Amino acid sequence: MLSDYMGILSLNEKEDNIENLTKNRLIASIPIAGRYRVVDFVLSNMVNSGITNLGVFTQSKSRSLIDHIGSGKPWDLDRKIDGLFIFNYGESNTTLSDIEMIKNNIEYLYRSKKNMIVISCSSMVCNIDYESAARFHEDSGKDITIIYKKVKVSNKCFRDCNILNITKDNLVSGVGKNVRLFTPNSNDDLPRESTVDLSMDMFILSKSTLINLLNNCIKTGYSSDFRNCIYNNIMNLEVNAYEFKGHLSYINSIQSYYKANMDILNLEVSNDLFFANGVIYTKVMDEPPTKYFSTSDVSNSLIANGCLIKGTVKSSVISRRVYIEEGAIINNCIIMQGCKIKSNAKLNNMIVDKNNVIEENVELKGTVDFPLVLEKRSLY
């Protein structure tokens, strides 16, 4: 277990392509898989690896996040020694970089007795064993280890991510952007099935190395983002790479969020995400079991507790306290908490945010590539 490690969770994440779901919340607190939030995965991964000192650096729009993680009790982080620390929530300056946030709370690093650090974002959804990655880092003797995964170059969900250039000696020699986009008439000379080494923006390093990097960024002003700070110093540091081989979803757009939920309906993916390297924990709501009426017809769907199902649900993810009336048809949809779908309504390829009411006989339809999104409390 990683008794000498502390975790840092940086929630300074790009939201340009998922703003429909992040107007009042962070990516970390978007509901996923019916009863979880995106942040649950990285929190559980760190705790399952033995990390008991975890700092969450966030900005504004944090009400939902704070309500969800609270004191950290579901992850056994409500401790007298170490535990969960949350910084900068409710900060009036919403343009703070993660470097500034850590700098403003540098005492957190100095006061901790831990000597090693795992840094991660929340938008990379997976079930990873950080202990194996940490042992790999320690055995390598390098300054920093970046965790990566091989993904198909044609996978649209990973577009605009950071791509590592890895040498035969497993050293990172450079970092670029995955900007390649295949079209039916593309003349790109790289085969569609070829892979690239995707950086998961997860780093393992010593506390002293982190402090030196922060001081250098503050003095020079060369980088305002911690990830870029590391990437810009690749040539000045010894950086190696650790390959993650499990299932990975990247929540950075409406399309990738929709696909991440639909993938969970695959039993193999679900088992990998929720059980591969330990259980994924979340806030307990103590809801009663979902009630299925005689008129219901449910297939290939993930349905949380507390729902009332009288209509048809196919290949969908339904969150807590959703009421689907008789005659309603839900197909390939993500329905979030507290929604009510009235009789004879028909929804296809939809993402319906919390507390929406879909009136009788309404028909709404998106596509697999462009799902239709209803924001919170929309009137339909």
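Residues take their numbers from the sequence shown, with the count starting at 1. Keep in mind that this is a model prediction, so the values were computed, not measured.
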Enquirer: Which class fits the ring pair Tyr108 and Phe85: parallel under 30°, tilted 30 to 60°, perpendicular over 60°?
Expert: tilted

Enquirer: Should we count CZ of Arg63 as having more than 12 external heavy atoms under 6.0 Å?
Expert: no

Enquirer: Please tell me if the side chains of Asn45 and Asp129 come closer than 4.5 Å, counting only heavy atoms from C-beta onward.
Expert: no

Enquirer: Within this structure, what is the OG-CD1 distance for the pair Ser140 and Ile204, rounded to the nearest 0.5 Å?
Expert: 9.0 Å

Enquirer: Going hydrophobic residue to hydrophobic residue with side-chain gaps under 4.5 angstrom, can you get from Leu273 over to Phe275?
Expert: yes

Enquirer: Glu325 side chain to Ser343 main-chain N or O, any donor-acceptor pair under 3.5 Å?
Expert: yes

Enquirer: Go through the steps for Asn48 and Asn277 under the test side-chain contact (heavy atoms from CB on, under 4.5 Å), then give the verdict.
Expert: CA-CA 8 Å; Asn48 289 336; Asn277 294 295; over 6 Å; no

Enquirer: For the residue pair Asn261 and Val317, what are the closest heavy atoms and their distance?
Expert: O-CG2, 3.8 Å

Enquirer: Are Phe41 and Tyr281 close enough that their ring centers fall under 6.0 Å?
Expert: no

Enquirer: For the salt bridge (Lys or Arg N to Asp or Glu O under 4.0 Å) test, which of Lys340, Lys346, Lys342 pairs with Glu359?
Expert: Lys342

Enquirer: Can you confirm if the aromatic rings of Tyr36 and Phe274 lie within a centre distance of less than 6.0 Å?
Expert: yes

Enquirer: Is it true that a side-chain atom of Ser301 and a backbone atom of Ser299 form a donor plus acceptor pair closer than 3.5 Å?
Expert: yes

Enquirer: State whether Phe293 and Lys310 meet the cation-pi test: NZ (Lys) or CZ (Arg) under 6.0 Å from the six-membered ring centroid, and within 45° of the perpendicular axis.
Expert: yes

Enquirer: Just wondering, are more than 12 heavy atoms of other shown residues or ligands nearer than 6.0 Å to NZ in Lys73?
Expert: no

Enquirer: Is it the case that one hydrophobic cluster holds both Leu308 and Ile330, taking links as side-chain heavy atoms less than 4.5 Å apart, direct or via other members?
Expert: no

Enquirer: Is there a donor-acceptor pair under 3.5 Å between the side chain of Thr22 and the backbone N or O of Arg25?
Expert: no

Enquirer: Where is the tightest heavy-atom contact between Leu9 and Val39, given as atom of each residue plus distance?
Expert: CD2-CG2, 3.6 Å

Enquirer: Quick one: closest heavy-atom pair of Cys229 and Ile99, and the distance?
Expert: CB-CD1, 4.1 Å

Enquirer: Test salt bridge (Lys or Arg N to Asp or Glu O under 4.0 Å) on Asp139 and Arg135 and set out the steps.
Expert: CA-CA 6 Å; Asp139 293 342; Arg135 300 306 175 218; over 6 Å; no

Enquirer: Test Asp4 against Lys113 for salt bridge (Lys or Arg N to Asp or Glu O under 4.0 Å), laying out the working first.
Expert: CA-CA 8 Å; Asp4 195 35; Lys113 296 180 181 179; over 6 Å; no

Enquirer: May I ask you to check whether Asn349 and Thr367 show a side-chain donor-acceptor distance below 3.5 Å?
Expert: no

Enquirer: Linking I/L/V/M/F/W/Y whenever their side-chain heavy atoms sit closer than 4.5 Å, directly or via other members, would Ile8 and Tyr110 fall into one cluster?
Expert: yes

Enquirer: Under a 3.5 Å distance rule, please check whether Gln337 uses its side chain to pair with a backbone N or O of Val322 as donor and acceptor.
Expert: no

Enquirer: Just wondering, do Phe203 and Ile147 contact through their side chains at under 4.5 Å, heavy atoms?
Expert: no

Enquirer: To the nearest 0.5 angstrom, please state how far the CD1 atom of Ile144 sits from the CD1 atom of Ile234.
Expert: 7.0 Å

Enquirer: Please report the C-alpha distance between Leu11 and Ile27 in whole Å, then the side-chain angles of each, then the deciding distance to 0.1 Å, and finally whether the side-chain contact (heavy atoms from CB on, under 4.5 Å) criterion is met.
Expert: CA-CA 8 Å; Leu11 302 185; Ile27 287 178; over 6 Å; no

Enquirer: For a side-chain contact (heavy atoms from CB on, under 4.5 Å) check, start with the C-alpha distance between Tyr5 and Ile117, then their side-chain angles and the critical distance, and finish with the verdict.
Expert: CA-CA 5 Å; Tyr5 279 75; Ile117 296 177; 6.0 Å; no

Enquirer: Yes or no on side-chain contact (heavy atoms from CB on, under 4.5 Å) for Arg227 and Cys121, after CA distance, side-chain angles and deciding distance?
Expert: CA-CA 10 Å; Arg227 287 169 288 239; Cys121 61; 3.7 Å; yes

Enquirer: Ion pair present between Glu15 and Lys23, side-chain N to carboxylate O less than 4.0 angstrom?
Expert: no

Enquirer: Find out if a path of hydrophobic residues (ILVMFWY) with successive side-chain heavy-atom gaps under 4.5 Å connects Met124 to Val151.
Expert: yes

Enquirer: Are Leu265 and Val125 connected in a single hydrophobic cluster, I mean Ile/Leu/Val/Met/Phe/Trp/Tyr linked by side-chain heavy atoms less than 4.5 Å apart?
Expert: yes

Enquirer: Can you find a pair of side-chain heavy atoms, one from Leu205 and one from Ile119, that are under 4.5 Å apart?
Expert: yes

Enquirer: When you measure from the side chain of Asn212 to the backbone N and O of Ser208, does any donor-acceptor pair fall under 3.5 Å?
Expert: yes

Enquirer: Between the side chains of Ser199 and Tyr231, does any donor sit under 3.5 Å from an acceptor?
Expert: yes

Enquirer: Would you say that more than 12 heavy atoms from the other residues, nucleotides or ligands in this model lie under 6.0 Å from the NZ of Lys150, or not?
Expert: yes

Enquirer: Between Tyr242 and Tyr148, is the gap from one ring center to the other below 6.0 Å?
Expert: no

Enquirer: Hey, is CD on Glu326 packed in by over 12 heavy atoms from elsewhere, all under 6.0 Å?
Expert: no

Enquirer: Looking at Asn356 and Glu375, would you say the former's side chain and the latter's main chain have a donor-acceptor pair under 3.5 Å?
Expert: yes

Enquirer: Charged N to carboxylate O under 4.0 angstrom, Asp40 versus Lys283?
Expert: no

Enquirer: Can you name the nearest heavy-atom pair linking Ile309 to Ser296, along with the distance?
Expert: O-CB, 3.3 Å

Enquirer: Please answer whether the main-chain N or O of Asp369 pairs with a side-chain N or O of Lys259 as donor and acceptor at a distance below 3.5 Å.
Expert: no

Enquirer: Using every non-hydrogen atom in the two residues, find where Ser319 and Ala304 come nearest and quote the distance to one decimal.
Expert: C-CB, 3.7 Å

Enquirer: Verify side chain to side chain donor-acceptor pair (under 3.5 Å) between Thr209 and Asp143, making sure each step is shown before the conclusion.
Expert: CA-CA 7 Å; Thr209 300; Asp143 296 318; 5.1 Å; no

Enquirer: Roughly how far apart are Met116 CE and Ser206 OG, rounded to 0.5 Å?
Expert: 5.5 Å

Enquirer: So does Asn348 get a backbone contact from the side chain of Asn331, meaning a donor-acceptor N/O pair under 3.5 Å?
Expert: no

Enquirer: Does Ile106 reach the side chain of Leu109, with side-chain heavy atoms less than 4.5 Å apart?
Expert: yes

Enquirer: For Val313 versus Ser316, what's the shortest heavy-atom pair and its separation?
Expert: CG1-CB, 3.9 Å

Enquirer: Do Ser29 and Leu26 have side chains that approach each other closer than 4.5 Å (heavy atoms only, starting at C-beta)?
Expert: yes

Enquirer: Might you confirm whether atom NZ of Lys114 has over 12 heavy atoms from other residues, nucleotides or ligands at distances under 6.0 Å?
Expert: yes

Enquirer: Any non-hydrogen side-chain atom of Lys149 less than 4.5 Å from a side-chain atom of Glu243?
Expert: no

Enquirer: Is it the case that the side chain of Asn240 and the backbone of Leu171 share a donor-acceptor pair, with hydrogens and angles ignored and the cut-off at 3.5 Å?
Expert: no

Enquirer: Is there a side-chain contact between Asn53 and Leu77, using heavy atoms and a 4.5 Å cut-off?
Expert: no

Enquirer: With heavy-atom distances below 4.5 Å as the criterion, would you say the side chains of Asn170 and Phe136 are in contact?
Expert: yes

Enquirer: Any sub-3.5 Å donor-acceptor pair from Ser270's side-chain atoms to Asn266's backbone N or O?
Expert: no

